Amino acid sequence: MNQPNRIDSWLLQDDEKPLTITEDPKIPNAATVLLRKQDHTLGNMIRAQLLLDPTVLFAGYKVPHPLENDIIIKIQTDERSNPADALKRACHLLIRQTVHIKQQFMDQAKNIEMGMGPDQALAGVNNGGYDPYSDGLGREGNTIVGGQVRDTNPTDVYDF
């Protein structure tokens with residue numbers, strides 16, 4: 001088949017650097033960052049985090065070719081910072097956010113395993129199970145736990 005091996009599109013070779021930063025000689029405090037073996041997921045996350053930094057004047061990314069898993073990020077900062085430092089700060093903040101989200105997920109999973117709702121503390125639910133709407137009925141979707149389908153009421157705020 002004429003398709004490349006999937007692992008080759010994400011795995012770096014031994015002599016390949018994952019990150020290359022090149023200063024732009026025409027624009028002050030600007031740089032181009034090449035991230036190898038990455039895609040839109042990381043590019044958009046870094047761009048969005050860079051734009052939250054008050055010292056960043058411009059941040060954008062592109063994928064040079066759809067068959068290559070490389071992204072190019074352009075960063076321009078004001079005189080208070082430089083693009084490399086702004087990128088480092090953005091990556092550190094993204095890592096902290098990711099760790100925080102992971103911890104929240106693990107806490108919620110532990111609560112659900114223990115039979116508690118996602119927002120409940122150690123207090124149990126009346127029927128001993130997960131009560132997604134905290135109304136004591138223990139329903140899942142349109143079915144009340146234990147059997148019958150409830151009628152859909154347009155005034156129900158938690159039905160979409």
Side-chain angles (χ1 to χ4, degrees), residues 1-122 129-134 138-143 152 156-160:
M1 193 186 301
N2 196 14
Q3 183 178 5
N5 191 356
R6 287 186 188 198
I7 194 74
D8 292 337
S9 59
W10 301 108
L11 206 62
L12 289 169
Q13 301 299 325
D14 290 337
D15 59 342
E16 203 171 19
K17 292 182 180 179
L19 175 84
T20 304
I21 300 178
T22 308
E23 288 189 30
D24 192 337
K26 298 178 184 175
I27 303 171
N29 289 336
T32 301
V33 180
L34 173 65
L35 287 172
R36 290 185 176 78
K37 308 296 184 183
Q38 297 298 331
D39 62 359
H40 287 285
T41 304
L42 188 63
N44 195 34
M45 288 172 58
I46 291 174
R47 179 200 58 85
Q49 190 65 47
L50 282 167
L51 290 174
L52 294 175
D53 189 337
T55 65
V56 173
L57 301 174
F58 174 81
Y61 82 98
K62 70 177 182 175
V63 176
H65 192 276
L67 295 178
E68 297 174 9
N69 288 325
D70 296 337
I71 57 173
I72 296 174
I73 302 173
K74 298 268 190 179
I75 306 168
Q76 183 182 9
T77 61
D78 59 14
E79 62 279 347
R80 296 178 288 171
S81 182
N82 64 41
D85 288 340
L87 180 65
K88 187 184 284 189
R89 282 193 305 271
C91 289
H92 282 291
L93 287 171
L94 282 173
I95 290 168
R96 285 180 46 200
Q97 286 177 347
T98 306
V99 167
H100 180 69
I101 290 170
K102 180 181 177 184
Q103 185 59 48
Q104 284 181 324
F105 178 81
M106 298 303 286
D107 292 344
Q108 298 299 327
K110 189 187 312 179
N111 284 347
I112 290 171
E113 277 182 5
M114 293 172 51
M116 296 183 290
D119 296 327
Q120 293 175 338
L122 296 176
Y130 171 56
D131 186 11
Y133 303 115
S134 300
R139 41 186 157 192
E140 296 173 8
N142 280 346
T143 306
T152 56
D156 240 348
V157 294
Y158 40 75
D159 283 334
F160 299 97

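For the single chain, residues carry numbers from 1 onward in sequence order. Bear in mind that the values here come from a model prediction, so they are computed numbers and not experimental data.
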Shortest non-hydrogen separation from Ala86 to Ser81 and the atoms involved: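 Closest heavy-atom pair between Ala86 and Ser81: N-OG, 4.1 Å.
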
Side-chain donor-acceptor pairs of residues 42-60 under 3.5 Å, sequence neighbours excluded:
{"unit_1": "Asn44", "atom_1": "OD1", "unit_2": "Arg47", "atom_2": "NE", "d": "3.2"}
{"unit_1": "Asn44", "atom_1": "OD1", "unit_2": "Arg47", "atom_2": "NH2", "d": "2.7"}
{"unit_1": "Asp53", "atom_1": "OD1", "unit_2": "Thr55", "atom_2": "N", "d": "3.0"}
{"unit_1": "Asp53", "atom_1": "OD1", "unit_2": "Thr55", "atom_2": "OG1", "d": "2.9"}
{"unit_1": "Asp53", "atom_1": "OD2", "unit_2": "Thr55", "atom_2": "OG1", "d": "3.4"}
{"unit_1": "Asp53", "atom_1": "OD2", "unit_2": "Arg89", "atom_2": "NE", "d": "3.2"}
{"unit_1": "Asp53", "atom_1": "OD2", "unit_2": "Arg89", "atom_2": "NH2", "d": "2.8"}
{"unit_1": "Thr55", "atom_1": "OG1", "unit_2": "Arg89", "atom_2": "NH2", "d": "3.1"}

Partners meeting side chain to side chain contact (heavy atoms under 4.5 Å, CB included) with Thr98 (sequence neighbours left out):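 None.
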
Distance (rounded to the nearest 0.5 Å) between Thr77 OG1 and Leu87 CG: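 Result: 11.5 Å between the selected atoms.
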
Just to verify, what does [X] make a side-chain hydrogen bond (donor to acceptor under 3.5 Å, both in side chains) with, not counting sequence neighbours?
X      : answer
Lys37  : none
Gln103 : Asp107
Gln104 : His100

Residues that His40 engages under ring pair (Phe, Tyr, Trp, His ring centres under 6.0 Å), provided they are two or more places apart: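 His40: ring pair (Phe, Tyr, Trp, His ring centres under 6.0 Å) contacts with Tyr61.
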
Which atom pairs, one a donor and one an acceptor, fall under 3.5 Å between side chains of residues 18-29 and the rest of the protein, sequence neighbours left out?
{"unit_1": "Thr20", "atom_1": "OG1", "unit_2": "Arg36", "atom_2": "NH1", "d": "3.1"}
{"unit_1": "Asp24", "atom_1": "OD1", "unit_2": "Lys26", "atom_2": "N", "d": "3.1"}
{"unit_1": "Asn29", "atom_1": "ND2", "unit_2": "Asp78", "atom_2": "O", "d": "3.1"}

Ile72 side chain near Pro64 side chain, heavy-atom distance below 4.5 Å: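 Contact flag for Ile72/Pro64 side chains = yes.
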
